[in-house]
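First the structure, in the form of C-alpha coordinates, and then the observations on it.
Bear in mind the structure is a predicted one, so any value in this text is a computation, not a measurement. Residue numbers start from 1 in every chain, and the chains themselves are labelled A, B, ... in the order their sequence lines are given, proteins ahead of strands.
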Amino acid sequence: MNQIFLPVPPQFSFQECLWFLDRNYDDCLHEVRENSVLKLLSIHEKPTLIEIKALDNHLQIDVLTGECAKDEICHFVTEWFDLERDLMPFYQLLAKDDDLAYMVTDYHGLRLLGIPDLFEALCWSIIGQQINLSFAYKLKRRLTETYGYKQTYEGKDFYLFPKPEIIAKLTVEELRNMQFSTRKAEYLMEIARTFSEKILSKTMLEGFSTAEAIKALVAIRGIGEWTANYALMKSLKRLECVTYGDVGLYNALNALKGLPKKPLRADLETFFKGFERWEAYTVFYLWRSLAVKNKAIQSI
DNA sequence: AACCAGGAGGAAT
DNA sequence: ATTCCTCATGGT
(Lines give C-alpha, C1' and ligand atoms only; values in the text may rest on other atoms or scores of the structure.)
Protein backbone atom coordinates (compact mmCIF):
# COMPACT_ATOMS: atom_id res chain seq x y z
CA MET A 1 0.00 0.00 0.00
CA ASN A 2 1.08 3.58 -0.66
CA GLN A 3 1.81 5.44 2.54
CA ILE A 4 2.83 8.99 3.21
CA PHE A 5 4.11 10.35 6.52
CA LEU A 6 3.52 13.98 7.32
CA PRO A 7 5.12 15.56 10.40
CA VAL A 8 2.75 17.53 12.62
CA PRO A 9 3.53 20.77 14.47
CA PRO A 10 3.40 21.36 18.23
CA GLN A 11 -0.06 22.26 19.59
CA PHE A 12 -1.70 19.75 17.30
CA SER A 13 -4.31 17.23 18.37
CA PHE A 14 -5.61 14.83 15.77
CA GLN A 15 -8.36 13.71 18.13
CA GLU A 16 -9.60 17.27 18.66
CA CYS A 17 -9.72 17.80 14.88
CA LEU A 18 -11.48 14.46 14.35
CA TRP A 19 -13.96 15.36 17.02
CA PHE A 20 -14.89 18.55 15.23
CA LEU A 21 -15.11 16.79 11.86
CA ASP A 22 -17.51 14.28 13.38
CA ARG A 23 -19.52 16.49 15.75
CA ASN A 24 -23.14 15.37 15.58
CA TYR A 25 -23.63 15.85 11.89
CA ASP A 26 -23.74 13.69 8.81
CA ASP A 27 -21.12 15.06 6.44
CA CYS A 28 -21.06 13.33 3.06
CA LEU A 29 -17.58 14.52 2.12
CA HIS A 30 -15.59 12.62 4.71
CA GLU A 31 -16.03 9.62 6.96
CA VAL A 32 -14.72 9.64 10.51
CA ARG A 33 -13.84 6.29 12.05
CA GLU A 34 -12.46 5.31 15.45
CA ASN A 35 -8.97 6.75 14.94
CA SER A 36 -8.95 7.88 11.37
CA VAL A 37 -10.73 9.89 8.72
CA LEU A 38 -11.31 8.93 5.08
CA LYS A 39 -11.79 11.45 2.31
CA LEU A 40 -11.96 11.38 -1.46
CA LEU A 41 -9.74 14.03 -3.09
CA SER A 42 -9.36 15.24 -6.62
CA ILE A 43 -5.64 15.12 -7.39
CA HIS A 44 -4.67 16.07 -10.95
CA GLU A 45 -8.36 15.72 -11.78
CA LYS A 46 -8.21 12.10 -10.62
CA PRO A 47 -10.19 10.81 -7.65
CA THR A 48 -7.86 9.71 -4.85
CA LEU A 49 -9.13 8.18 -1.64
CA ILE A 50 -7.01 8.71 1.47
CA GLU A 51 -7.22 7.57 5.06
CA ILE A 52 -5.46 9.63 7.73
CA LYS A 53 -4.33 8.29 11.10
CA ALA A 54 -2.19 9.81 13.81
CA LEU A 55 1.16 8.44 14.95
CA ASP A 56 3.36 10.02 17.63
CA ASN A 57 4.68 13.02 15.73
CA HIS A 58 3.35 12.28 12.28
CA LEU A 59 0.18 11.74 10.36
CA GLN A 60 0.08 8.51 8.42
CA ILE A 61 -1.75 8.93 5.14
CA ASP A 62 -2.76 5.72 3.39
CA VAL A 63 -3.54 6.24 -0.27
CA LEU A 64 -6.31 3.71 -0.81
CA THR A 65 -7.14 4.45 -4.45
CA GLY A 66 -5.68 6.64 -7.16
CA GLU A 67 -2.10 7.67 -7.60
CA CYS A 68 0.21 8.43 -4.70
CA ALA A 69 0.97 12.05 -5.56
CA LYS A 70 2.80 12.85 -2.35
CA ASP A 71 3.25 16.60 -2.74
CA GLU A 72 -0.35 17.30 -3.73
CA ILE A 73 -1.80 15.06 -1.04
CA CYS A 74 0.40 16.60 1.67
CA HIS A 75 -0.56 20.04 0.42
CA PHE A 76 -4.24 19.23 0.76
CA VAL A 77 -3.93 17.71 4.22
CA THR A 78 -1.81 20.64 5.39
CA GLU A 79 -4.49 23.08 4.26
CA TRP A 80 -7.34 20.98 5.58
CA PHE A 81 -5.86 20.71 9.07
CA ASP A 82 -4.06 24.07 9.00
CA LEU A 83 -0.81 22.35 9.94
CA GLU A 84 1.56 25.22 9.23
CA ARG A 85 0.04 27.53 11.82
CA ASP A 86 1.85 28.32 15.06
CA LEU A 87 -0.96 28.48 17.61
CA MET A 88 1.11 29.83 20.50
CA PRO A 89 0.22 33.49 19.88
CA PHE A 90 -3.47 32.58 19.79
CA TYR A 91 -3.24 30.63 23.03
CA GLN A 92 -1.51 33.57 24.69
CA LEU A 93 -4.46 35.77 23.73
CA LEU A 94 -6.99 33.21 24.94
CA ALA A 95 -5.18 32.84 28.25
CA LYS A 96 -5.61 36.55 28.92
CA ASP A 97 -9.42 36.23 28.71
CA ASP A 98 -10.83 34.82 31.94
CA ASP A 99 -13.93 33.46 30.22
CA LEU A 100 -12.14 31.80 27.32
CA ALA A 101 -8.90 30.70 28.95
CA TYR A 102 -10.29 27.22 29.52
CA MET A 103 -10.20 26.64 25.76
CA VAL A 104 -6.41 26.51 25.75
CA THR A 105 -6.49 23.24 27.65
CA ASP A 106 -9.93 21.90 26.72
CA TYR A 107 -9.53 22.34 22.96
CA HIS A 108 -5.74 22.17 22.87
CA GLY A 109 -4.46 21.37 19.41
CA LEU A 110 -7.74 21.99 17.61
CA ARG A 111 -7.03 23.45 14.19
CA LEU A 112 -9.31 25.55 11.99
CA LEU A 113 -10.60 22.81 9.70
CA GLY A 114 -10.63 24.23 6.20
CA ILE A 115 -12.57 23.76 3.00
CA PRO A 116 -9.69 24.19 0.56
CA ASP A 117 -11.98 24.30 -2.50
CA LEU A 118 -13.44 27.83 -2.71
CA PHE A 119 -16.44 26.83 -4.83
CA GLU A 120 -17.36 24.15 -2.33
CA ALA A 121 -16.88 26.57 0.58
CA LEU A 122 -19.17 29.16 -1.02
CA CYS A 123 -21.86 26.61 -1.90
CA TRP A 124 -21.74 25.17 1.59
CA SER A 125 -22.09 28.55 3.22
CA ILE A 126 -25.06 29.42 0.99
CA ILE A 127 -26.71 26.10 1.75
CA GLY A 128 -26.22 26.78 5.46
CA GLN A 129 -27.78 30.25 5.40
CA GLN A 130 -30.58 30.60 7.94
CA ILE A 131 -31.46 26.89 8.25
CA ASN A 132 -30.44 24.48 10.99
CA LEU A 133 -27.25 22.54 10.37
CA SER A 134 -28.84 19.08 10.24
CA PHE A 135 -31.03 20.19 7.38
CA ALA A 136 -28.09 21.94 5.72
CA TYR A 137 -26.03 18.73 5.79
CA LYS A 138 -29.01 16.88 4.33
CA LEU A 139 -29.20 19.32 1.43
CA LYS A 140 -25.47 19.05 0.81
CA ARG A 141 -25.73 15.28 0.77
CA ARG A 142 -28.59 15.30 -1.74
CA LEU A 143 -26.72 17.68 -4.02
CA THR A 144 -23.49 15.71 -3.76
CA GLU A 145 -25.02 12.26 -4.18
CA THR A 146 -26.95 13.43 -7.22
CA TYR A 147 -24.40 15.58 -9.03
CA GLY A 148 -21.03 14.80 -7.45
CA TYR A 149 -18.54 12.08 -8.35
CA LYS A 150 -18.95 8.78 -6.52
CA GLN A 151 -16.29 6.17 -5.83
CA THR A 152 -17.12 2.95 -4.02
CA TYR A 153 -14.44 1.44 -1.80
CA GLU A 154 -14.95 -1.71 0.27
CA GLY A 155 -18.70 -1.36 -0.08
CA LYS A 156 -18.86 2.27 0.99
CA ASP A 157 -19.47 5.31 -1.17
CA PHE A 158 -17.17 8.33 -1.15
CA TYR A 159 -17.93 11.55 -2.99
CA LEU A 160 -16.37 14.61 -4.56
CA PHE A 161 -18.40 17.80 -4.37
CA PRO A 162 -20.12 18.57 -7.71
CA LYS A 163 -18.16 20.63 -10.20
CA PRO A 164 -19.30 24.17 -11.08
CA GLU A 165 -19.85 23.11 -14.70
CA ILE A 166 -22.51 20.65 -13.55
CA ILE A 167 -24.30 22.99 -11.13
CA ALA A 168 -24.27 25.81 -13.69
CA LYS A 169 -26.37 23.75 -16.09
CA LEU A 170 -29.07 22.74 -13.61
CA THR A 171 -32.53 24.25 -13.47
CA VAL A 172 -34.18 25.88 -10.47
CA GLU A 173 -36.79 23.14 -10.56
CA GLU A 174 -34.21 20.35 -10.19
CA LEU A 175 -32.87 22.00 -7.06
CA ARG A 176 -36.33 22.82 -5.76
CA ASN A 177 -37.13 19.11 -5.94
CA MET A 178 -34.24 18.56 -3.55
CA GLN A 179 -35.86 21.09 -1.19
CA PHE A 180 -33.58 24.00 -1.92
CA SER A 181 -35.46 27.28 -1.84
CA THR A 182 -35.89 29.04 -5.17
CA ARG A 183 -33.55 31.75 -4.00
CA LYS A 184 -30.79 29.38 -2.97
CA ALA A 185 -31.12 27.47 -6.23
CA GLU A 186 -30.57 30.71 -8.13
CA TYR A 187 -27.61 31.68 -5.95
CA LEU A 188 -25.88 28.32 -6.38
CA MET A 189 -26.32 28.26 -10.13
CA GLU A 190 -25.12 31.80 -10.55
CA ILE A 191 -22.01 31.19 -8.47
CA ALA A 192 -21.37 28.00 -10.40
CA ARG A 193 -21.45 30.06 -13.58
CA THR A 194 -18.94 32.58 -12.26
CA PHE A 195 -16.57 29.70 -11.54
CA SER A 196 -17.11 27.76 -14.76
CA GLU A 197 -16.66 30.92 -16.78
CA LYS A 198 -13.48 31.76 -14.82
CA ILE A 199 -14.91 35.06 -13.65
CA LEU A 200 -13.98 34.04 -10.11
CA SER A 201 -11.35 31.66 -8.76
CA LYS A 202 -9.47 31.02 -5.56
CA THR A 203 -6.22 32.07 -7.23
CA MET A 204 -7.79 35.39 -8.11
CA LEU A 205 -8.86 36.10 -4.53
CA GLU A 206 -5.48 35.06 -3.17
CA GLY A 207 -4.06 38.14 -4.84
CA PHE A 208 -6.54 40.38 -3.03
CA SER A 209 -6.40 41.88 0.43
CA THR A 210 -9.11 40.55 2.70
CA ALA A 211 -11.12 43.76 2.40
CA GLU A 212 -10.88 43.61 -1.41
CA ALA A 213 -11.85 39.94 -1.43
CA ILE A 214 -14.92 40.61 0.72
CA LYS A 215 -15.93 43.44 -1.59
CA ALA A 216 -15.59 41.21 -4.64
CA LEU A 217 -17.55 38.37 -3.06
CA VAL A 218 -20.38 40.50 -1.69
CA ALA A 219 -20.96 41.88 -5.18
CA ILE A 220 -22.21 38.42 -6.15
CA ARG A 221 -25.90 37.77 -5.53
CA GLY A 222 -26.43 35.42 -2.61
CA ILE A 223 -23.15 36.29 -0.93
CA GLY A 224 -23.54 38.66 1.99
CA GLU A 225 -21.07 39.66 4.67
CA TRP A 226 -21.52 36.43 6.63
CA THR A 227 -20.95 34.19 3.61
CA ALA A 228 -17.94 36.14 2.38
CA ASN A 229 -16.25 35.99 5.77
CA TYR A 230 -17.09 32.32 6.21
CA ALA A 231 -15.65 31.35 2.85
CA LEU A 232 -12.50 33.43 3.31
CA MET A 233 -11.95 31.94 6.76
CA LYS A 234 -12.49 28.34 5.69
CA SER A 235 -10.97 28.40 2.23
CA LEU A 236 -8.28 31.10 2.17
CA LYS A 237 -7.57 30.94 5.90
CA ARG A 238 -7.83 34.69 6.31
CA LEU A 239 -7.56 34.79 10.07
CA GLU A 240 -8.90 38.34 10.51
CA CYS A 241 -12.36 37.31 9.26
CA VAL A 242 -15.34 37.42 11.59
CA THR A 243 -18.71 35.92 10.61
CA TYR A 244 -20.77 38.92 11.62
CA GLY A 245 -24.45 38.00 11.72
CA ASP A 246 -23.70 34.43 12.79
CA VAL A 247 -26.30 33.13 15.23
CA GLY A 248 -23.96 30.42 16.49
CA LEU A 249 -21.28 32.98 17.23
CA TYR A 250 -23.79 35.15 19.09
CA ASN A 251 -25.06 32.22 21.14
CA ALA A 252 -21.53 31.32 22.17
CA LEU A 253 -20.72 34.91 23.14
CA ASN A 254 -23.97 35.09 25.05
CA ALA A 255 -23.14 31.94 26.99
CA LEU A 256 -19.49 32.72 27.67
CA LYS A 257 -19.29 36.52 27.75
CA GLY A 258 -22.85 37.49 28.67
CA LEU A 259 -23.36 39.53 25.51
CA PRO A 260 -26.98 39.98 24.38
CA LYS A 261 -28.46 37.53 21.88
CA LYS A 262 -28.24 40.23 19.24
CA PRO A 263 -25.10 42.12 20.20
CA LEU A 264 -24.23 45.52 18.80
CA ARG A 265 -21.69 45.65 16.05
CA ALA A 266 -19.52 47.97 18.11
CA ASP A 267 -19.47 45.55 21.05
CA LEU A 268 -18.49 42.69 18.78
CA GLU A 269 -15.67 44.73 17.32
CA THR A 270 -14.49 45.62 20.79
CA PHE A 271 -14.44 41.96 21.76
CA PHE A 272 -12.55 40.91 18.65
CA LYS A 273 -9.98 43.66 19.12
CA GLY A 274 -8.65 41.48 21.91
CA PHE A 275 -7.94 38.75 19.33
CA GLU A 276 -6.41 40.70 16.50
CA ARG A 277 -5.11 38.57 13.62
CA TRP A 278 -6.74 35.54 15.30
CA GLU A 279 -10.39 36.50 14.90
CA ALA A 280 -11.22 33.49 12.72
CA TYR A 281 -9.65 31.08 15.19
CA THR A 282 -11.62 32.75 17.97
CA VAL A 283 -14.85 32.27 16.03
CA PHE A 284 -13.92 28.66 15.33
CA TYR A 285 -13.21 27.93 18.99
CA LEU A 286 -16.48 29.62 19.95
CA TRP A 287 -18.30 27.29 17.55
CA ARG A 288 -16.48 24.43 19.20
CA SER A 289 -17.82 25.57 22.56
CA LEU A 290 -21.38 25.25 21.19
CA ALA A 291 -20.76 21.72 20.01
CA VAL A 292 -19.74 20.74 23.52
CA LYS A 293 -23.04 22.00 24.83
CA ASN A 294 -24.99 20.09 22.18
CA LYS A 295 -23.19 16.92 23.07
CA ALA A 296 -23.83 17.38 26.77
CA ILE A 297 -27.52 17.99 26.20
CA GLN A 298 -27.82 14.99 23.92
CA SER A 299 -26.15 12.67 26.38
CA ILE A 300 -28.65 13.50 29.10
C1' DA B 1 -47.67 24.87 18.16
C1' DA B 2 -44.83 28.43 17.87
C1' DC B 3 -40.28 29.68 17.21
C1' DC B 4 -35.70 29.40 15.88
C1' DA B 5 -31.87 27.72 12.66
C1' DG B 6 -23.79 29.04 11.62
C1' DG B 7 -28.54 34.96 6.17
C1' DA B 8 -29.63 37.56 2.13
C1' DG B 9 -32.08 40.59 -0.87
C1' DG B 10 -35.51 43.62 -1.85
C1' DA B 11 -39.25 46.67 -0.46
C1' DA B 12 -40.96 49.87 2.66
C1' DT B 13 -40.00 53.37 5.77
C1' DA C 1 -29.51 54.68 6.10
C1' DT C 2 -32.32 51.53 8.96
C1' DT C 3 -36.37 48.38 9.58
C1' DC C 4 -39.45 44.83 7.87
C1' DC C 5 -40.78 40.85 5.07
C1' DT C 6 -40.10 36.60 2.75
C1' DC C 7 -37.90 32.50 1.80
C1' DA C 8 -38.32 26.61 2.95
C1' DT C 9 -38.24 23.21 6.19
C1' DG C 10 -36.42 20.40 10.11
C1' DG C 11 -35.72 20.38 14.96
C1' DT C 12 -37.20 21.45 19.63
| task | Describe the nucleic acid contact of Thr227(A) in one word from base, sugar-phosphate, nothing, applying a heavy-atom distance below 4.0 Å. | result | sugar-phosphate
| Taking the side chain from Ser181(A) and the backbone from Lys184(A), do they hold a donor-acceptor pair closer than 3.5 Å? | yes
| DNA chain B contacts made by residues 238-246 of chain A, counting heavy atoms under 4.0 Å | Gly245(A), Asp246(A)
| On DNA chain B, nearest-nucleotide positions of Arg221(A) versus Tyr137(A): which is more 5'? | Tyr137(A)
| Using the P atom in both, what is the distance from dC5(C) to dC4(B), to the nearest Å? | 14 Å
| NA contact type, Leu249(A), heavy-atom cut-off 4.0 Å: base, sugar-phosphate, or nothing? | nothing
| request: May I ask you to say what Gln129(A) touches in the nucleic acid, namely base, sugar-phosphate or nothing, with a heavy-atom cut-off under 4.0 Å? | output: sugar-phosphate
| field | Duplex segments of DNA chain B, taken as runs of at least three Watson-Crick or G-U pairs that stay under 3.5 Å | value | B:2-5 with C:9-12, B:7-13 with C:1-7
| request: Scan Ile223(A) against the nucleic acid and name what it touches under 4.0 Å (heavy atoms): base, sugar-phosphate only, or nothing. | output: sugar-phosphate
| Between Phe20(A) and Tyr107(A), ring centroids under 6.0 Å | no
| said: Heavy-atom nearest nucleotide on DNA chain B for Lys234(A) versus Ile220(A): which residue maps closer to 5'? | reply: Lys234(A)
| said: Under 4.0 Å, counting only non-hydrogen atoms across every strand here, what does Tyr187(A) touch: a base, just sugar-phosphate, or nothing? | reply: sugar-phosphate
| said: Before you tell me yes or no, could you show the steps for Thr227(A) and Gln129(A) under side-chain contact (heavy atoms from CB on, under 4.5 Å), namely the whole-Å CA-CA distance, both residues' side-chain angles and the distance that decides it to 0.1 Å? | reply: CA-CA 8 Å; Thr227(A) 304; Gln129(A) 286 170 5; 2.9 Å; yes
| field | Sugar-phosphate only, base, or nothing, as touched by Leu175(A) at under 4.0 Å among non-hydrogen atoms | value | nothing
